[in-house]
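These numbers come from a predicted model, not from an experiment.
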Amino acid sequence: MDELLIDAKLENLDAVLDFIAERLDAVQCPVKQQMRIAIVVEEVYVNIARYAYAFGTGPAVVRAAALANDLTIEFEDEGKPYNPLEREDPDITLPAEERKIGGLGIYMVKHMMDTVEYRRERNRNILTIRKKLV
C-alpha cells in the first residue's frame, strides 16, 4: 500500500483527495466511481480532522492500494478510541428536520463501499474501506 502521513487538519483535505485520485487514475477508474470514492474519503478524513484529537491536531495516515479491480483505503489516527460502525444508522425515512444530528456520513460510507471495517490497534483507530472497481 502507498502511504500518506499528514497532520489531521481540514486544510490538508485536498492533499488526501489528490493522493487517492492519483491511485485511481493509475488504474483508469471511471470518473463517476472516482467521485463517489472522493465523497467517502472526504467524509472519513474530515471526521478525523474534526473529532479525533480533543485538543489541537495529530497525525493521520492514509494508505491506499488500487489494483485493476479493487481499491483498499486505510485511515489511521492516534485519537481517542472511536468505532464509527457502532453508531446507529439514521432513520432516512424521516424528513431531514426530524432526524437526529450526526451519523449520516458514516451511513453513506457504509452504503457506498463494499466493506467497511474498524479496529483499534496499538492505541490507534484504523478504518479500512474496500470497493470493487468497475
Taking every heavy atom of Leu5 against every heavy atom of Pro59, the minimum-distance pair comes out as CD1-CB, 4.1 Å
Can you tell me if CG on Asn123 sees more than 12 non-hydrogen neighbours from other groups inside 6.0 Å?
no
Considering all heavy atoms, the nearest Val116-Leu85 contact
O-CD1, 3.4 Å
Should we count CZ of Arg124 as having more than 12 external heavy atoms under 6.0 Å?
yes
Leu133 side chain reached by Ile37 side chain, heavy atoms, under 4.5 Å:
yes
Compare all side-chain heavy atoms of Tyr53 with those of Asp77 and state whether any distance is below 4.5 angstrom.
yes
Are more than 12 heavy atoms, taken from residues, nucleotides or ligands other than Glu121, located less than 6.0 Å from that residue's CD atom?
yes
Any chance NZ of Lys9 has more than 12 other-residue heavy atoms, nucleotides or ligands included, within less than 6.0 Å?
no
Check the hydrophobic clustering (I, L, V, M, F, W, Y; side-chain heavy atoms under 4.5 Å; chains of links allowed) and say if Val61 and Ile126 are grouped together.
no
Between Asn125 (side chain) and Lys80 (backbone), is there a donor-acceptor pair under 3.5 Å?
yes
Heavy-atom side-chain contact between Met1 and Arg23 under 4.5 Å
no
Could you tell me whether a side-chain N or O of Gln33 sits under 3.5 Å from a main-chain N or O of Val134, the two making a donor and an acceptor?
yes
Report yes or no: does Lys131 contribute a side-chain atom to a donor-acceptor pair with the main-chain N or O of Met112 at less than 3.5 Å?
yes
In the structure I gave you, are the side-chain heavy atoms of Val27 and Leu67 within less than 4.5 Å of one another anywhere?
no
With the side chain counted from C-beta on, respond yes when Tyr45 and Asn12 share a heavy-atom pair under 4.5 Å apart, and no when they do not.
yes
Just by modelled atom types, is the Ile48 backbone N or O under 3.5 Å from a matching donor or acceptor in the Tyr82 side chain?
no
Quick one: does any side-chain atom of Gln34 pair with a main-chain N or O of Cys29 as donor and acceptor, under 3.5 Å?
yes
What distance separates Ile129 CD1 from Glu117 CD, expressed to the nearest 0.5 Å?
11.0 Å
Which heavy-atom pair separates Ala15 from Ile6 by the least distance, and what is that distance?
CB-CD1, 3.8 Å
Contact summary for Leu127 and Tyr118, nearest pair of heavy atoms:
CD1-CB, 4.1 Å
How close do Gly79 and Arg120 get, counting heavy atoms only, and between which atoms?
O-NH1, 3.0 Å
Give, for atom CG of Leu4 and atom CD1 of Ile73, the distance between the pair rounded to the nearest 0.5 Å.
11.5 Å
For a 4.5 angstrom cut-off between non-hydrogen side-chain atoms, does Asp70 reach Arg130?
no
Quick one: NZ on Lys132 to CE on Met113, what's the gap to the nearest 0.5 Å?
13.0 Å
Which one of Arg63, Glu76, Glu74 satisfies the side-chain contact (heavy atoms from CB on, under 4.5 Å) criterion with Glu3?
Arg63
Does any part of the side chain of Glu42, heavy atoms only, come nearer than 4.5 Å to the side chain of Leu13, both counted from C-beta?
yes
